[in-house]
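The block underneath contains the structure these notes are about, expressed in structure tokens.
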2 protein chains.
Amino acid sequence: MYSIKVASRKTGIEPVTIRAWERRYGVIEPKRTDAGFRLYTDEDVADLKWLKHQVEEEGLSISQAAKQLKQRKQEQFPAFKQNNGIRTVNNNDSIPPLSELAEKLHDAIDSFDVERADQLLETGFSMYPFDELFHHVLTPLMHRIGDEWEEGTISVAQEHFASHLFRQRLYQFFKVFSMNPNLPNALALCPPGENHEIGLLLFSLFLKRKGVGVIYLGANTPTHGLEKIIVENDIRIVFFSMTRSENAEALRELILLLKEQFPGLKIVLGGQGVPSDDEVLQHFYLKDQPADWETWFGQLSVLKN
Amino acid sequence: MYSIKVASRKTGIEPVTIRAWERRYGVIEPKRTDAGFRLYTDEDVADLKWLKHQVEEEGLSISQAAKQLKQRKQEQFPAFKQNNGIRTVNNNDSIPPLSELAEKLHDAIDSFDVERADQLLETGFSMYPFDELFHHVLTPLMHRIGDEWEEGTISVAQEHFASHLFRQRLYQFFKVFSMNPNLPNALALCPPGENHEIGLLLFSLFLKRKGVGVIYLGANTPTHGLEKIIVENDIRIVFFSMTRSENAEALRELILLLKEQFPGLKIVLGGQGVPSDDEVLQHFYLKDQPADWETWFGQLSVLKN
DNA sequence: AAATAGTTGTACAAACCTTATACAAAGATT
DNA sequence: AATCTTTGTATAAGGTTTGTACAACTATTT
């Protein structure tokens, strides 16, 4: 908070003038001290600078500039949006059936409409059990977007945007499930070059739901220093997601290295990019189906202590 | 512990003045000897220096500076938080003061403890205004983590983990602020090779708070297809974050290309990695200070229609 | 005991802030 | 050309803030 003198120095406008503007045009009405001294914020200073600029550079009169600023300020705080305690009933856009949800979501993503996409997800989650939504809406949608991206129908940015949106949602569920200290810890990551982490998130969520502590490292994680993390956090499971087969060789190297260093470590590999002719990688491969995940988890016998 | 004379010599403030400040603003109330002589600690001396600095360099009045200091001190010891009128005494695990929060969060990140980090953030956000937390805890913490990563003290995975955690939180606030249809749309992204998106998120949030519609593309976004997004979504502002100077050349190319294709487009550049000798990039550079953001936003005159 | 340094309280002047009124120069209107 | 409006600046009269000074007293040190 600045006094009028400091505000004057910061803006290059005489204090008298600042007061005159306030008195005459009601623009920039700063807080006051108990004694009535003006106290200007950074925003006020910025607004004063803007006014000065309009007058000196753009040739506006101060009255015009002030009017414009006032209008802008009002637009920024639209008096009352009608969602103040009052429930706005959205009767024309009724609750979408599950089958339509994916379609509508796809539309929203196509036009980068965060608000709408978020609202769709919101209603979706409030209506259907969340694993239903994941496996019948989000997973197919992500696959579809992935395909469209391969074809070039959709931009990479859209793919990015969609993952971001979903990751956001998925990650919220992480917090809901508590950890079981008797179960092993897991590490989830996409190796460098991999940006598509939805599958990784789904599997992490599956583990989390089972009570496994998951350290989620996400997309495009450098593998250097992984050993340290494994040792320090008593990691028993490492999960990689791979969607691009280009990374197969580097990943095979890494997995063999980890296996050698930590013989007891469970390594799991998921994603579309695992080459079917790579024997090593196939050995660690786990299909993208929840049923397979359940089977795998049932056979898991690396319980702690 | 120093007498008032020593404190005066160390700070360069007359003893009379120090006493007057204490009497009038209640700031810096040192311990006393049995006889009532003032005893200043190193912290007191530092606080006095801070006050002097605010008054002499920043142009604040002593009353304002004192008020700020007092507020900060109080935040550090919120002994009780009276929610609902009832004073809840939290005697075993008390509410972390703002200064400790960063430290505790750093610990939690160091040990990959999502639960704890999340809980710390939760209590933090419920206690302090959120921009306070961003600028006094999260931003410094991210810088610290960034530094430690450069030094090699911390692993890349940890850096990853921390951004993930914060991004999660920051993004939640995106939904709170409504969009103003009269303001331009903005696009926020880190170019390929950039993984540090906290600055980007902070700026996006600032814009969102002002009512600007932000399409957030996040870290490591391929720039191919950007033109299409700009056209289809009527983007008027593009914000890049750059923390690594290695990407300067590619980014300069991109910016010049965009400027050519969309002359009216506002391009903003943030982050630590903008080389000071690059004239083109410096032209678009915006400092990391909220006060500068306000100024920039005030001068923004690309209103829609 | 004298010298030095500390304490509180009151006092004061310079700097700064407040509102209200006034005024001259520039621009717009009649 | 005369008149009205706008706008930056000036001045007056009165309150506030703030650094410093002084008085009266107390404590510590030499």
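Just so we're on the same page: letters track the sequence lines, and every chain starts at 1. Keep in mind that the numbers below use all heavy atoms, side chains included, and drop hydrogens, waters and symmetry copies.
Taking atom NZ of B:K67 as the reference point, atom P of D:dT18 lies 10 Å away to the nearest angstrom. Distance B:F37 CZ to C:dT4 P: 15 Å, rounded to the nearest Å. Following rounding to the nearest Å, A:Y2 (OH) and C:dC17 (P) show an atom-to-atom distance of 15 Å. For the pair B:I4 CD1 and D:dT26 P, the interatomic distance rounds to 19 Å; values are reported in whole Å. Rounded to an integer number of Å, the gap from B:L60 CG to C:dC16 P is 15 Å. Between B:Q54 atom CD and D:dT18 atom P the separation is 14 Å, expressed in whole Å. Between the CD1 atom of B:I18 and the P atom of D:dT18 there is a distance of 16 Å, rounded to whole Å. Rounded to whole Å, atom C1' of D:dT18 lies 15 Å from atom NZ of B:K52.
Nearest to the side chain of B:R19, among C:dT7, C:dC17, D:dT7, sits C:dT7. The side chain of B:I62 sits closest to D:dG19 out of D:dT6, D:dG19, C:dT7. Counting only heavy atoms from C-beta on, A:K5 has its side chain closest to C:dC16 among C:dC16, C:dA5, D:dT18. Of all nucleotides listed (C:dT19, D:dT17, D:dT18), C:dT19 comes nearest to the side chain of A:R32.
With hydrogens and angles ignored, the 3.5 Å screen pairs no side-chain donor or acceptor of A:D47 with any backbone N or O of A:D44.
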_B:K210 vs A:E43, salt bridge (charged side-chain N to carboxylate O under 4.0 Å, His left out): CA-CA, chis, key distance, verdict_ = CA-CA 11 Å; B:K210 293 286 179 184; A:E43 190 178 340; 3.4 Å; yes

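Using a 4.0 Å cut-off between charged nitrogen and carboxylate oxygen, A:E29 and A:K73 do not count as a salt-bridge pair. A salt bridge is absent between A:R19 and A:E14; no separation between the charged side-chain nitrogens and carboxylate oxygens falls under 4.0 Å.
Contact annotation: A:Y25 side-chain N/O to D:dT6 OP1/OP2 distance is not under 4.0 Å. Checking the phosphate oxygens (OP1, OP2) of C:dG6, a side-chain nitrogen or oxygen of B:S3 falls inside 4.0 Å.
Residues A:T41 and A:M1 meet the side-chain proximity criterion, which asks for heavy atoms closer than 4.5 Å. Between A:W21 and A:I62, the closest side-chain pair of non-hydrogen atoms falls below 4.5 Å. Contact annotation: the side chain of B:Y2 never approaches that of B:R38 to less than 4.5 Å [non-hydrogen atoms, C-beta and beyond].
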Distances under 3.5 Å between nitrogen or oxygen atoms of protein and nucleotides 9-11 of chain D:
{"from": "D:dT9", "atom 1": "OP2", "to": "A:T17", "atom 2": "OG1", "distance (Å)": "2.8"}

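B:S63 comes within 4.0 angstrom of sugar-phosphate atoms only, judged by non-hydrogen atoms across all strands, and of no base.
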